[in-house]
Amino acid sequence: MTKKVKSGSQRLLLLFLILYATLPALSQNVTVTGKVIDSKDNKALEGVSIMVKDSKTGTQTKSDGSFSISLPAGTKRLVVSLVGYESQEVSLGSSSSLTISMVRSEKAIEDVVVIGYGVTRKTDVTSAITSIKEKDFNKGAVISPMSLIQGKVPGLVIVNSNASDPNGQSSMQLRGISTLKGSTSPFVVIDGIPGGNLNNLSPEDVESIDVLRDGSAAAIYGTRGSNGVVIVTTKKAKSGTASFNYDGYVYTDIPKDFPKLLTAAEYREYADVYKRTNPTFVLNDGGANTDWFKELTKTPVSKVHNFSVSSGTDKSSIRAAVSVRELDGLALNTWRKIVNTRLSFTQKALDNKLSIQGNIATSFLNYLKSDNTIFGDAMDRNPTFPVFNPDGSYFEDPLDSKGNPYARRQQTEDGERIKHINGSIKATLDLFAGLKASGFFSFQRRDVSSYYYQSRDAFLSRLNGQNGNASRSATFSYDRTFEYTIDYAKRFGKHYVTGLAGYSYQDFMSEDFNASNRNFLTDAFAYNNLGAGQAFAAGTAGAGLGSGKSSSKLIAFFGRAIYNYDERYLLTASLRREGSSKFGINHKWGLFPSVSLGWRIINERFMAKNNIFDNLKLRVGYGVTGNQEGIDNYGSLATLSTGASFLWDNTFVPTYGASRNPNPDLRWEKKAEYNLGIDFALRGDRVSGSIDLYSRETSDLLIDATAPVPSLIHQTILVNLGKMKNTGVELAMTVKIIENNKLSWTNSVTFSYNKNLLQSVTYGAATSAPVDHYSLPQNMGAAFRREVGQPIGNFYGKVFKEFDVPNNKWVFYTNADDPTLDAQNKKIIGNGMPKMFASMSNNLSYGRFDMTIFLRGTFMFELLNIMDLVYTNRGRYSNNFLRKGLDIPISSYAYSNYFIERGDFVKLDNVTLGYNFNTSKIKYLKRARIYASGQNLLTITKYSGIDPDIQVNGLEPGLAMMNFYPRATTLTLGVSLGF
Amino acid sequence: MMKNILPKIKNRYTAIALVSMGCLSLINSCTKLDETVYSSITAESFFKTREEVIANYIRPFSHIVGSYQYRIWHLNTLTTDETSMPYKDGTPPADGGDQIVGFHWHTWTKDDGEIKNTWDALYRGVGYTNATITNMQGIDFEKLRVGLDKQAVLADLKVYRAWYYFMIMDMFGNVPIIEKVGDPLYPPTAERKDVFAYIEKEILENMDKLQDKGAANTYGHMTKAVAWALLAKLYLNAEIYTGKLTESGLQPGTSRWDDCVKYCDKVLNYTGGGGYQLDANWNDPFKIKNELSKENIFVVIYDTTYATEMRWNYKNLHAEHQKTYGFGFTPTNRAMTHNNFYKLFGNTDKRQQQWLVGPQFAADGVTPLKCLTGAQKGKPLVLDPLFVNAPGDTATMLTAKEFHGARNVKYEFQKGSKISQMSNDAPVFRLADIYLMKAEALMRKNGGAASEDVVTLVNNMRARDFAANDPLGKYTTSTLTLDELLNERAREFAWEGWRRNDLVRFSKFTSGTWWDKKPSAAWRVVFPIPAASISINPNLKQNPGY
């Protein structure tokens, strides 16, 4: 689709040039004629701009590539340019007939930026948009497409909290959190498909990712724009080429920094210490020396193969790609197998006036779910216990409550098979002078089939008398999109106007079915014969049936106008009117306007003599967006559901009553955002970048508020209330430090700072009392406090004073010692939401070698080390505890600032070294590259735990979990070939 | 010139038309945002059959199951001398921790979550009933062939709602009256006497439309006799309910002793469905199959599978009692009764059998049960209703031990039953109460003195509790004082949730002392309106004192 639009913008440019050419010239002394051709295939190029240097006189080539231009006296050089080709200057000699050969630009795509429902020239952009192209993507083993741009987009925080887990999902959050209930993830559009699923996309198929960061850019996406918009464009065939590419790599994960527990030897030694306070204690020595983390991990080898073919002519082009990925996890029995295919084509007809672009992609996925609880249980496992009995069976201790984690992993099969297919087709028709009409249809369907079996012999199965535990579930979701747009572009003198109007219809449907059973005679069936279990028929626990189905739809009308006056003053305005079936009857439709202005100062006359700046643009924007992710289907309706049964005709029958408090006023969360930005380039484009300041205020926050009982039935009601604000600054800068024929070194940095504030939460007459949330283990209370006037992510607890060893107690400061403590002797003891993020990439090339070094840092936040909070307790002895616990002379659980640490870190995230072979002498090989990459190589931090790079997105940021997937350094070897 | 342009225009319009048709193909749904429900239901997609109508009709009746033997019981019982849930060997009581201890000491506050939860549970019941009344009013019973008398259904629901308001008004005093869900969203507080009048009016208006005892599907519903019993209870307390709540306590209102007697007599003389008779044994109304009781007038229905919040098998007993009753779980040892109350039961009174005291044994009656914690660990479990066995003991609500307190086994336990899964129904009104209500009304009308008729009435009620020749079983006009009647109510209705109501009527709720409870402020005769509820609904007014 994007390819299509791109060619559309070429047309706009063409139109622009035609009009330009008709402007009266100042003098017409000389006429030069000529032809412009493609340097590779010598084909005529149409619509090439031919401009007299440092003037506004120019023309453009016709369909046969020819041009004719009258030059003012004294003209020495012409500037020749065409989107997709390198611009060049041509010296005018004596000849009055020229043949100009243009070279295709690798950078071509950089000239345009993808915005909602189209593309625009980068110079026309008036909002905060970051466009990352393939060459700037993160290298090495990439599991999720979003990892391609981790750390590359200022303000976009991407966290892979499960690190190298092949089943790990990355979470995204842009410019802080602006919801208390909905998703924090930006809205994803893949090749025009709104709400595209990133998990079905091979990273290698991605050509560019554009992130609409501010409200003025995202407003065209209405009720789904508040978290920002990520627009993914996949690779398409280029016209005039035919190629076959292979990209493959293998990688392995090398675990680092397992939690340091007592070793078996230390464990035996500690028995004497433990006996002092527990005289009756008898060491339960299993006789082994087991490092449980070693037992639960392996050295994985993952393989990724990508094949793609593409070929294109002027009229049609096609690209097909297959990706086979066998990802193997560090954790025992953790893997993911994926086969992705993707086909895209473009066909032009009706004298190139009609263009049809289609995509179809499938993804087949099979994986065993990761189970991080085995690592939590490993922390608790007596290290003198062996994994196996001498006879080869699993060692289990009869006094245990959790069982052997190795055995559990082996005795449990828990996985999913997913089939995903999506497709889209877009037809665009050039109507007349700058007017184009398009129709777009897309669908996505996803089948997920889950399976689970835990064998009869599993410790927990035996303990709870389950006799085998099997379940299956199937979910199916399907969504369709119909969109119709009309595009218009016209230049009137110095005024250049483009317009867009459109209609969008999208519907969503999902259904699910699940069944479970227990009490099997044999393990032989596993999850394949649920009926063989007896629990269902007996009506006992763990057996059940369930199914459900729901649907929703979204309808929108939208429009946008971009106005450019004299390449100096820019205005973009958009409006979307959107409704969702999920909204309450009183608020079915919302209006989402935006306006943004740009001033290209560089083109002002007073800048003509400046020799510092090559680009200088000031941008200011305002946009209103929504977030509706917090509303479930039918969330506003008075639905009925079953209540407790009651007697009727002497049997208990189900009763039906109101299932929730309906809210006819239910609507989207509304965000209004201001953005002020500067784009700059200096010193011959060697330094370029942008700075953005923003202030985003979300109102109508969705929250499950305490309802007035009476008069309502249920204790909570989903309502729109409350306000939250995020303010921040973002910087992106690229410096070409060295650039010559042999050596180049480009350094790019991004920086962002965000401040969050919950401004108000009011319902009825009440300002909501502070909400304490996230229950800590061992009844240690809630970790966080959310309250008005404070940011999200505040840790709230007591302040450590000293240990009271004789009474085995933590002693905390009281409000008598410290007046900042409240009546509960607690206060805000940290915040888990980082305020600052920074990254630095270095791209070096020397001859045929290239190298990237990528550093990423997160700053100004605290972590709550729950792992230490629980596992440093020496009272856990008889199981095991962290060696750190030897420094804590008591054995009691308490949550306090003792376990809160600064989380700031800088990570050497990626180093990649590549070599490009000289293929000029090899007939069939166009390109060959090999590379080696290392990821997560080094972390610089004062944090005492395993890895401070944990989940910091969402409402509960900064929790270092007890059950964690082991951190690893990933080493990759790859090859890339083009034929 | 025209020749050239015309075909072009034609093409243009054809193209526009084609594109427009794409949209037209969808035009029906082009701007419609209606919701299609599948595995959810809305009122529009429901109420199509008789079964669906009935499923909504009986929805309010199952709501009470979760709270009647839980929070409603807690507020009416743990605040009295009848039962306490103290710390046990340092472990705070479940179901509310220190709030539960505060109930005993009368130190509850308007911020207590347990009081808020109780308020919510009661008003949610009103809400379900309001919703169902609105639904039923809109349904054509004839058309859907519901086969029920719509007026009887509505009367049942309205009197049922009146019972909810009776409980709310009894516990919270000045409370809002609301008859429609969300209308108004923030209902204002009504004076207690107005709520009293509203309840009275609702019952009087609807009682004649109610069904008789024994009609189909009346068990657990409001029948004529239930309405009369409720009226009798209302009138017995009329002086309290029509009085004024002030900071210095309750200023009594108008008594209605004759009305109380009138409706007691209606129940006593009732013959519909065979009328009501006292059961042969004191514990028959509490048996597993107490639906067979001839005495119970109105019950909350419990069931081992479908209505499982009858909690007495796990809350009250010691963990070791699992061995006595063969439960499929470990009881949690929470609720216990102090000697102050236990001693009201004479040794010859059969009702004393509802208490477990002294050495405890497994099901075989020989194997002693053992203590499980602290210094007493491993010693035989000897239940001591403080401080009978150890007169020097100073245990308080905070320092009680696992063996402290008598345990109530009034409700029969099913061997092997699972946690809180009991099928004994919980009596709300039973004939014995009608006897004692009538007796009390007559005595109070008579300046507190019992006539021969009253003595006969009370003696008849308790004849089943004593050997025929036991002189302790017979009151005389001189022994049956009002205080003695209160003690008799304690013996008869222990663990049935009436103690707070009784103590308030006898002016002993706040002034009384028991165990480590001291006299409390006189305004504590009602609970506070939860502060959290007022903060949402400013039309609610806090009760005096809080």
Side-chain angles (χ1 to χ4, degrees), chain A residues 429 431-432 437-439 482 484 486 503 505 507 511 547-555 579-583 588-589 633-634 637-649 652-659 661 705-715 763-767 769, chain B residues 8 12 15-16 19 22-23 26 29-43 46 52 54-56 58-63 65-66 119-120 123-124 126-128 131-132 176 178 180-187 216-217 219-220 301 303 305-307 532-533 535-538:
Chain A
L429 187 64
L431 295 172
F432 47 85
S438 305
F482 298 86
Y484 304 97
I486 289 173
Y503 163 84
Y505 171 96
D507 60 18
E511 43 183 75
S547 70
K549 179 174 175 176
S550 70
S551 70
S552 69
K553 52 176 111 150
L554 266 176
I555 295 172
S580 164
S581 62
K582 295 197 231 173
F583 299 152
K588 278 285 183 208
W589 294 87
N633 290 346
Y634 321 122
L637 294 183
T639 51
L640 284 82
S641 64
T642 47
S645 298
F646 198 72
L647 269 187
W648 192 260
D649 290 345
F652 279 88
V653 298
T655 66
Y656 277 81
S659 62
N661 291 324
T706 306
V709 176
S711 58
L712 301 179
I713 299 177
H714 291 277
Q715 285 168 295
Y763 180 60
T767 291
Chain B
K8 269 192 188 167
R12 284 170 202 165
I16 291 168
V19 172
C23 188
L26 276 168
S29 49
C30 248
T31 57
K32 265 195 193 161
L33 289 170
D34 50 324
E35 295 186 84
T36 315
V37 288
Y38 299 96
S39 53
S40 307
I41 45 175
T42 59
F46 206 61
E52 289 171 357
I54 289 167
N56 184 241
I58 59 180
R59 176 67 186 87
F61 294 89
S62 65
H63 168 73
V65 163
W119 166 277
D120 283 359
Y123 267 114
R124 292 187 64 201
V126 171
Y128 276 120
T132 295
I178 181 136
K180 234 182 140 195
V181 176
D183 182 23
L185 191 56
Y186 302 111
N217 294 309
Y219 189 63
I301 300 174
D303 183 76
T305 309
Y306 296 103
S533 304
S535 74
I536 298 163
N537 176 4

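Order of the sequence lines sets the chain letters (A, B, ...), proteins ahead of strands, with each chain counted from 1.
Considering CG of B/Asn217 and CG of A/Asp649, their distance stands at 4.5 Å, rounded to 0.5 Å. Here the CG-NZ distance, from A/Asp507 to A/Lys553, works out to 7.5 Å after rounding to the nearest 0.5 Å. Expressed to the nearest 0.5 Å, how far NZ of A/Lys588 lies from CD of B/Glu35 amounts to 4.5 Å. If you take CH2 on A/Trp589 and CD1 on A/Ile555, they are separated by 5.0 Å, rounding to the nearest 0.5 Å.
Looking at A/Pro654 and A/Trp648, their side chains never come closer than 4.5 Å, going by heavy atoms from C-beta outward.
Under the ring pair (Phe, Tyr, Trp, His ring centres under 6.0 Å) criterion, A/Phe646 pairs with B/Phe61, B/His221, sequence neighbours left out. Scanning for ring pair (Phe, Tyr, Trp, His ring centres under 6.0 Å) contacts around B/Phe46 gives A/Tyr656, with sequence neighbours left out.
Only the side chain of B/Ile301 comes within contact range of chain A, with heavy atoms under 4.5 Å apart. Heavy atoms of A/Pro710 lying under 4.5 Å from chain B belong to its backbone as well as its side chain. The contact between A/Ser580 and chain B is made entirely by backbone atoms, counting heavy-atom distances below 4.5 Å. Only the backbone of A/Ala707 comes within contact range of chain B, with heavy atoms under 4.5 Å apart. Both the backbone and the side chain of B/Leu185 come within contact range of chain A, with heavy atoms under 4.5 Å apart. Both the backbone and the side chain of B/Ile41 come within contact range of chain A, judged by heavy atoms closer than 4.5 Å. Contacts between A/Leu640 and chain B at a heavy-atom distance below 4.5 Å involve backbone atoms as well as side-chain atoms. Residue contact with chain A, scored on non-hydrogen atoms closer than 4.5 Å, involves the backbone and the side chain of B/Val37 alike. With a 4.5 Å cut-off on non-hydrogen atoms, B/Pro60 does not touch chain A at all. Proximity to chain B (any heavy atom under 4.5 Å) is restricted, for A/Ser550, to the backbone atoms N, CA, C and O.
Between chain A and the residues B/Gly66, B/Ala216, B/Ser62, B/Pro187, the most heavy-atom pairs under 4.5 angstrom are made by B/Ser62. Chain B forms more heavy-atom pairs under 4.5 Å with one residue of A/Ser641, A/Ser547, A/Gly579 than with any other, namely A/Gly579. Between chain A and the options B/Thr36, B/Thr132, B/Val65, the largest number of non-hydrogen pairs under 4.5 Å is found for B/Thr36. Considering only heavy-atom pairs separated by less than 4.5 Å from chain A, the leading option among B/Asp120, B/Val126, B/Ile178, B/Asp183 is B/Asp120. The choice from A/Leu554, A/Val653, A/Thr706 that makes the most heavy-atom pairs within less than 4.5 Å of chain B is A/Thr706. Looking only at heavy-atom pairs under 4.5 Å with chain A, the residue among B/Thr305, B/Ile58, B/Val181 that has the most is B/Ile58.
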| Are A/His714 and B/Tyr128 close enough, and set up right, to give a side-chain contact (heavy atoms from CB on, under 4.5 Å), and what steps lead you there? | CA-CA 9 Å; A/His714 291 277; B/Tyr128 276 120; 3.2 Å; yes
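Side chains of A/Ser659 and A/Thr639: a donor on one and an acceptor on the other come within 3.5 Å.
Side-chain atoms of A/Tyr634 never come within 3.5 Å of backbone atoms of B/Thr42 as a donor-acceptor pair (strictly under, hydrogens ignored).
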